[in-house]
Novice: 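One structure, pasted below without further comment.
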Amino acid sequence: MSEKRIFSGIKPTGDLTLGSYIGAIKNWVELQNEYLCLYCIVDMHAITIRNDPETLRRRSLEQLAQYVASGLDPERNIIYIQSHVPQHAELSWILGCYSMLGELNRMTQYKDKVSKGEENLNAGIYTYPVLMAADILLYQSDLVPVGEDQKQHVELCRDIAIRFNHVYGETFKVPEPFVPKVGARIKSLTDPESKMSKSDDDPQGSIFIMDSPDQILKKVKRAVTDMENRVTFDTEKQPGISNLMTIYSSATGKDFDVITEEFEGKGYGAFKNAVAEAVIELLRPIREKSEEILADRAYLTEIYTSGAKRAAELAEPTLKLVVEKLGFVPRG
Ligand code: AQP
């Protein structure tokens, strides 16, 4: 295995969706063969929105089980919960002092929330990219697999690392974003212009990993399509059908032209049934395995305890180096 390191995480702000699986976790499973990977449940990022405490705890544990059930090996990877490794918060404060207000003001996700008139516009939303930089730099990560919308945050992380290195000499590895080509963006079933999200107000728009086969079938059958009656990939004219094609292609490995040929003259009903069937079979083993893992609380605890211990061991040398460079008095 390469010594190169990867950090990635998902925030437990909702139940994981088919989008979380295809857009993130499925790629992580492949990366585990090539890199030393840290896969995190970023619960500290989740609290920028208000959560019911019991729900947050349940989701964090479910997410952990789903990582493992999706094929992430807890021995080969470091799988842990962010708040269990306090070095993230420590480094985040330090890096905040090396992040410029002008830079944070330019972050698109923050600007979006401001323009949409977000009521709970707390400082955590503003400094979120700094914590994300700390997550990445703490482990001297080489690569950060992210969706297109997080690329700007990785750019900021690089700028912070370069700035710190410039002042204090080589301290942080400057990471590269890694945006997987396949997997694309999975859109909402009810609004194919928007991303399928964990925290969508309309649960009919998202397929959740833990959905039953019946729920999946119903959601896919109700998915928004168009009047063209052709299964062709055209995100402008046929965003709903194109989204279902992306999902079907990810689940079966078939190319778009093969899919178009398969459903030539068959109508949307047949296509939707096939999509539902493919998704049900894709998610079935993950759901069943997740349920098994969740029922074994001792195993779950063992995974996150040993994950946090291993993560802290990797984080500590970086933090030690940073505080030394800053001029803090070393701990006795
Ligand atoms: N629909 C999607 N299509 C492709 N990739 C997706 N990801 C999430 N949804 C899709 C990818 O999952 C990773 C982790 O995302 P996150 O949960 O930390 O943040 P997010 O992108 O904001 O996900 P959500 O589901 O939209 O969460 P909420 O609703 O809480 O904002 C990222 O790599 C992301 O690209």
Side-chain angles (χ1 to χ4, degrees), residues 6-31 37-52 55-56 59-60 62-64 66-67 70 72 81-82 88 107-110 112-113 116 118 120 124-125 128-129 131-132 135-136 141 143-154 157 175 177-203 205-211 219 223 235 239-240 242-251 279 282-283:
I6 280 196
F7 174 91
S8 204
I10 300 180
K11 49 188 187 325
T13 39
D15 298 334
L16 292 191
T17 70
L18 180 67
S20 331
Y21 177 70
I22 293 176
I25 304 173
K26 195 163 167 247
N27 293 310
W28 296 358
V29 174
E30 279 166 33
L31 294 170
C37 304
L38 293 111
Y39 293 129
C40 191
I41 287 113
V42 284
D43 55 348
M44 285 157 63
H45 284 283
I47 62 167
T48 56
I49 61 162
R50 296 282 177 258
N51 297 276
D52 164 56
T55 309
L56 180 61
R59 281 184 179 145
S60 301
E62 258 182 30
Q63 200 171 305
L64 187 83
Q66 288 164 348
Y67 281 6
S70 301
L72 294 177
I81 298 173
Q82 187 186 29
H88 286 252
M107 293 295 114
T108 321
Q109 284 196 354
Y110 162 72
D112 276 358
K113 300 222 170 181
K116 284 183 186 149
E118 167 76 45
N120 177 24
I125 293 174
Y128 182 107
L131 178 58
M132 186 169 154
D135 299 338
I136 298 164
S141 311
L143 289 176
V144 190
V146 282
E148 204 50 61
D149 52 351
Q150 290 283 341
K151 237 173 123 182
Q152 195 190 25
H153 291 166
V154 180
C157 168
F178 176 84
V179 182
K181 276 182 238 45
V182 279
R185 270 269 163 282
I186 306 300
K187 308 289 187 174
S188 157
L189 298 181
T190 48
D191 172 15
E193 304 292 339
S194 328
K195 175 178 156 206
M196 182 182 286
S197 272
K198 288 182 248 96
S199 58
D200 195 334
D201 291 336
D202 175 13
S206 304
I207 294 174
F208 299 102
I209 292 184
M210 300 307 258
D211 274 351
K219 287 181 184 178
T235 51
S242 302
N243 186 37
L244 291 177
M245 286 179 81
T246 306
I247 293 173
Y248 189 60
S249 170
S250 298
V279 173
L282 176 74
L283 297 183

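For ligands, and for the atoms within them, numbers begin at 1 and follow the listed sequence.
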Novice: Return yes if some donor-acceptor pair links the side-chain N/O of Q152 with the main-chain N/O of T108 below 3.5 Å, else return no.
Specialist: yes
Novice: Measuring from atom 34 (C) of ligand 1, which candidate in Q63, Q150, R185 has the nearest non-hydrogen atom?
Specialist: R185
Novice: Just say parallel, tilted or perpendicular for the rings of Y39 and Y67, cut-offs at 30° and 60°.
Specialist: perpendicular
Novice: If you measure from each heavy atom of I10 to ligand 1, is any distance below 4.0 Å?
Specialist: yes
Novice: Would you name the heavy atoms of I10 and S20 that are closest together and state the gap between them?
Specialist: CD1-CB, 4.3 Å
Novice: For S197, counting its heavy atoms only, list the atoms of ligand 1 lying under 4.0 Å from any of them.
Specialist: 24 (P), 25 (O), 26 (O), 29 (O)
Novice: Is a donor on one side and an acceptor on the other found under 3.5 Å between the side chain of S188 and the backbone of T190?
Specialist: yes
Novice: For K198, check salt bridge (Lys or Arg N to Asp or Glu O under 4.0 Å) against everything at least two apart and list the hits.
Specialist: none
Novice: Can you list the atoms of ligand 1 that are under 4.0 Å from a heavy atom of K198?
Specialist: 16 (P), 17 (O), 23 (O), 24 (P), 25 (O), 27 (O), 28 (P), 29 (O), 30 (O)
Novice: Just jot down the salt bridge (Lys or Arg N to Asp or Glu O under 4.0 Å) partners of D191, sequence neighbours excluded, or say none.
Specialist: none
Novice: Ligand 1 and M196, any nitrogen or oxygen pair closer than 3.5 angstrom?
Specialist: yes
Novice: Would you say T13 and ligand 1 have an N/O pair spaced under 3.5 Å apart?
Specialist: yes
Novice: Can an N or O of K187 be found at a distance shorter than 3.5 Å from an N or O of ligand 1?
Specialist: no
Novice: Give the atoms of ligand 1, by number and element, whose distance to some non-hydrogen atom of A24 is under 4.0 Å.
Specialist: 12 (O), 13 (C)
